[in-house]
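Please read the structure below before turning to the comments.
Below, chain A is the first sequence line, B the second, and so on; all start at residue 1.
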Number of protein chains: 2
Amino acid sequence: MYRLLVVDDEAKIREVIKEYSEFNGYDVTEAEDGMTAVGLCKLNDYDLIIMDIMMPKLDGFSACKEIKKIKDIPIIMLSARTEEYDKLFGFELGIDDYVVKPFSPKELMARVQAVLARHNSAASSAPETPEEMEFGGLVINIAGRIVTVDGEKIDLTPKEYDLLFYLVENKNIALSRDKLLSDIWGYDFFGDDRTIDTHIKNLRNALGPYRDYIVTIRGVGYKFEI
Amino acid sequence: MYRLLVVDDEAKIREVIKEYSEFNGYDVTEAEDGMTAVGLCKLNDYDLIIMDIMMPKLDGFSACKEIKKIKDIPIIMLSARTEEYDKLFGFELGIDDYVVKPFSPKELMARVQAVLARHNSAASSAPETPEEMEFGGLVINIAGRIVTVDGEKIDLTPKEYDLLFYLVENKNIALSRDKLLSDIWGYDFFGDDRTIDTHIKNLRNALGPYRDYIVTIRGVGYKFEI
DNA sequence: GTTTTTTGTGAAGACATGTTGAAGAGAAAA
DNA sequence: TTTTCTCTTCAACATGTCTTCACAAAAAAC
C-alpha cells in the first residue's frame, strides 16, 4: 500500500484529498505546514507528497527543497497561482507534477497514479525505454548518451544528441519545426526555425552512412524514417 | 455559449447558482429532481451538469448513472454529506468534480470553468484520428505523411499531400474550388482557381490506378469518391 | 452540328524552401 | 580571465514546388 503525505493549511482541502486517496487505496497522513512535513519525512517513509505552495511557517518550495535533501520522494505541488514562474522554479527543485487550484479530485488522483507509476518503473529494473536502440549499424546508448556508427563512437554535441534522440523516439512521424523547437528547445525559445536546419545538417554529417535516416519533409520539417 | 443544467430540490440553491452562472456567461436550465434531469438530458444537449445528491424522486447518483448511459456530459456533484460513501460511489460513476455544501459560488464557478476547459481540450485533442487510412491499395499514413499505392511509396509534394488529405477527410462530399482554396491554401490566397486543376492533375497521375477516386464535378469542383 | 463553357494537360518562369559554410554570440571549461 | 566548444544567425546557392498560361479535349448549351 502506498503512503501519501498531504500538506496543506486548509483542512477542507486535506479532507477532500484524503477521502479520495483512501478510496483509491492509499494510506494518507496529513500535515498542515511545511515544517511539520519536513519533520515527518525525517522520521517516516512516504511514497508521494501532495503539497500546497502557500503555507504558514514553511512554504511549499522551501519544504520541497528540504525534503529533497533528506529523501528522494516524488512531490506533487498544489497552487492557486498560475504564473509560469512558479512552475519553472518548482520543477528545478525536482517537483514531479503540478496541479492548479481549484483542481478536480479525479484529475489529482490521475496524476498521483501517474507519478507513482513513473517513479516505480524508474526504480524497478523494468524500464520502458531500452538501454540501447539499434538501427542497422547505428546504435544509440541511452543511459550513456553515446552514439556509435558501425561500432565507431561519434561525437555529438548535447543538442545534436537531444535532436537525434527525439527524432528516434518519434520515428516515422513527421515532425514540424515548431514541434521540434518547442519539445527539444522548450516553449520559451524564441529563436529562428532555421536553427534546426543547421543542427540537422551537423547531425547528418555526424551520422555518416546513416545520414539518410533523417528525411526532410518539405514544407513541414523532418522525420527519422526506418 | 455553454449550457448548464442545474439540478437541486432547493430553489434557493438553484437560484444562487443560476445567478452566478449567468453572470459568467452561461445559459442555465433548472430542474428540481433527478428524474426531470434525466428526461431533459434525453431531449437536450448540455455542456455541464451541476447536481445535488440528495433529491426526491431520483437521487443524484442514480440520475448520474442514467445520464451517463445516454450522453457523456461532465457532472459536478453537490453534497451536504461528507461521508466517504457518497464520494466513492460518485467517483466510480464518472463524476468530474465534487463540491461540498456550503460552497462559495466563486469556487463553484472556478470548477465549472476548469471542468469545461478540461472536457473541451480532451475532446478536441483526442479525436479518432486513425494512424492510417486505406482505400483498396491506396494507403495514407497520416503521422508519417506517406502515401503508398499497392505497397509502393509515391512521392507527393506538400500541396499534393495536403490536397489528397483534405479530399479524403471530406470524402464523398462535393468540394468547390473556392472551398478547397480557402481551406487548403488559406483565406489569404488570391490566386487563380485553376491552380487547383493542375494540382489535381498531378495528384491523379501520382495515384496511378487509383486516379479515379478523384471525381470531377463539373461547374463545382472535385470530390474523393469511394 | 456548331458554339460556348468548362476541364485536362504540358511547359516555363516565378517563387519558396532546404542545404550549406562561415562567422559571431554565447556558454562552459580551464 | 582566457580558451574552447557549442549554438545561433545569416546569406548565397541549389533544388524543388507552385502558379500561370496557352492550347487541347470534353461536356453542355444552343
Whole-Å distance separating the CG atom of A/Asp155 from the P atom of D/dC7: 12 Å
Integer-rounded Å distance: D/dT20 P and B/Asn202 CG: 15 Å
Nearest non-hydrogen partners of A/Asp162 and A/Arg145, listed with the distance: OD1-NH2, 3.1 Å
Exercise: identify the closest heavy-atom pair between A/Ile226 and A/Asn172: N-OD1, 3.2 Å
Backbone N/O of B/Cys41 and side chain of B/Lys71: donor-acceptor pair under 3.5 Å: yes
Touch class at under 4.0 angstrom, heavy-atom based, for B/Asp192 against every strand present: sugar-phosphate
Exercise: identify the closest heavy-atom pair between A/Ile75 and A/Ile67: CD1-CG2, 4.5 Å
Close side-chain approach of B/Leu4 to B/Ile49, heavy-atom, < 4.5 Å: no
Mutual orientation of the aromatic rings belonging to B/Phe189 and B/Trp185 [parallel < 30°, tilted 30-60°, perpendicular > 60°]: tilted
Parallel, tilted or perpendicular: rings of B/Tyr213 and B/Phe224 (30°, 60°): tilted
Evaluation steps, side-chain hydrogen bond (donor to acceptor under 3.5 Å, both in side chains), between B/Asp47 and B/Tyr26: CA-CA 10 Å; B/Asp47 296 296; B/Tyr26 302 121; over 6 Å; no
Sugar-phosphate only, base, or nothing, as touched by B/Phe190 at under 4.0 Å among non-hydrogen atoms: nothing
Residue pair A/Asn24 / A/Ser21, side-chain donor-acceptor N/O under 3.5 Å: no
Short side-chain N/O contact to D/dT8 OP1/OP2 from A/Trp185, under 4.0 Å: yes
Whole angstrom value for the distance that separates C1' of D/dA25 from CZ of B/Arg204: 14 Å
Nearest-angstrom distance from the residue atom CG of B/Asp197 to C1' of D/dA22: 14 Å
Steps toward salt bridge (charged side-chain N to carboxylate O under 4.0 Å, His left out) verdict (A/Asp197, A/Lys201): CA-CA 6 Å; A/Asp197 300 30; A/Lys201 172 195 64 177; over 6 Å; no
Salt bridge A/Asp193-A/Arg177, side-chain N to carboxylate O under 4.0 Å: no
Candidates D/dT8, D/dA27, D/dC18 - which lies nearest the side chain of A/Thr195: D/dT8
Protein-nucleotide distance (A/Asp193, atom CG; D/dC10, atom P), rounded to Å: 13 Å
Touch class at under 4.0 angstrom, heavy-atom based, for A/Leu156 against every strand present: nothing
Sugar-phosphate only, base, or nothing, as touched by A/Thr216 at under 4.0 Å among non-hydrogen atoms: sugar-phosphate
Whole-Å gap separating P (D/dA25) and CZ (B/Arg218): 15 Å
Separation between OG1 of A/Thr148 and CG of A/Asn141, rounded to the nearest 0.5 Å: 8.0 Å
Positional range of nucleotides in DNA chain C within the contact set of chain B, heavy-atom, under 4.0 Å: C/dT6 to C/dG10
Phosphate contact (D/dC7 OP1 or OP2) by A/Thr157 side-chain N/O below 4.0 Å: yes
Stretch residues 173-182 of chain B: residues that reach within less than 4.0 Å of DNA chain C through a heavy atom: B/Arg177
Gap between atoms CD1 and P, on A/Ile196 and D/dC10 respectively (whole Å): 16 Å
d(NZ, B/Lys201; P, D/dC23) in whole Å: 16 Å
Helical bend (five base pairs per end, nearest 10°) for the helix from C/dG1-D/dC30 to C/dA30-D/dT1: 40°
Sugar-phosphate, base or nothing in reach of B/Phe189, heavy atoms under 4.0 Å: sugar-phosphate
Sugar-phosphate, base or nothing in reach of B/Lys159, heavy atoms under 4.0 Å: sugar-phosphate
Sugar-phosphate only, base, or nothing, as touched by A/Arg194 at under 4.0 Å among non-hydrogen atoms: base
Between B/Tyr2 and B/Asp27: side-chain donor-acceptor atoms closer than 3.5 Å: no
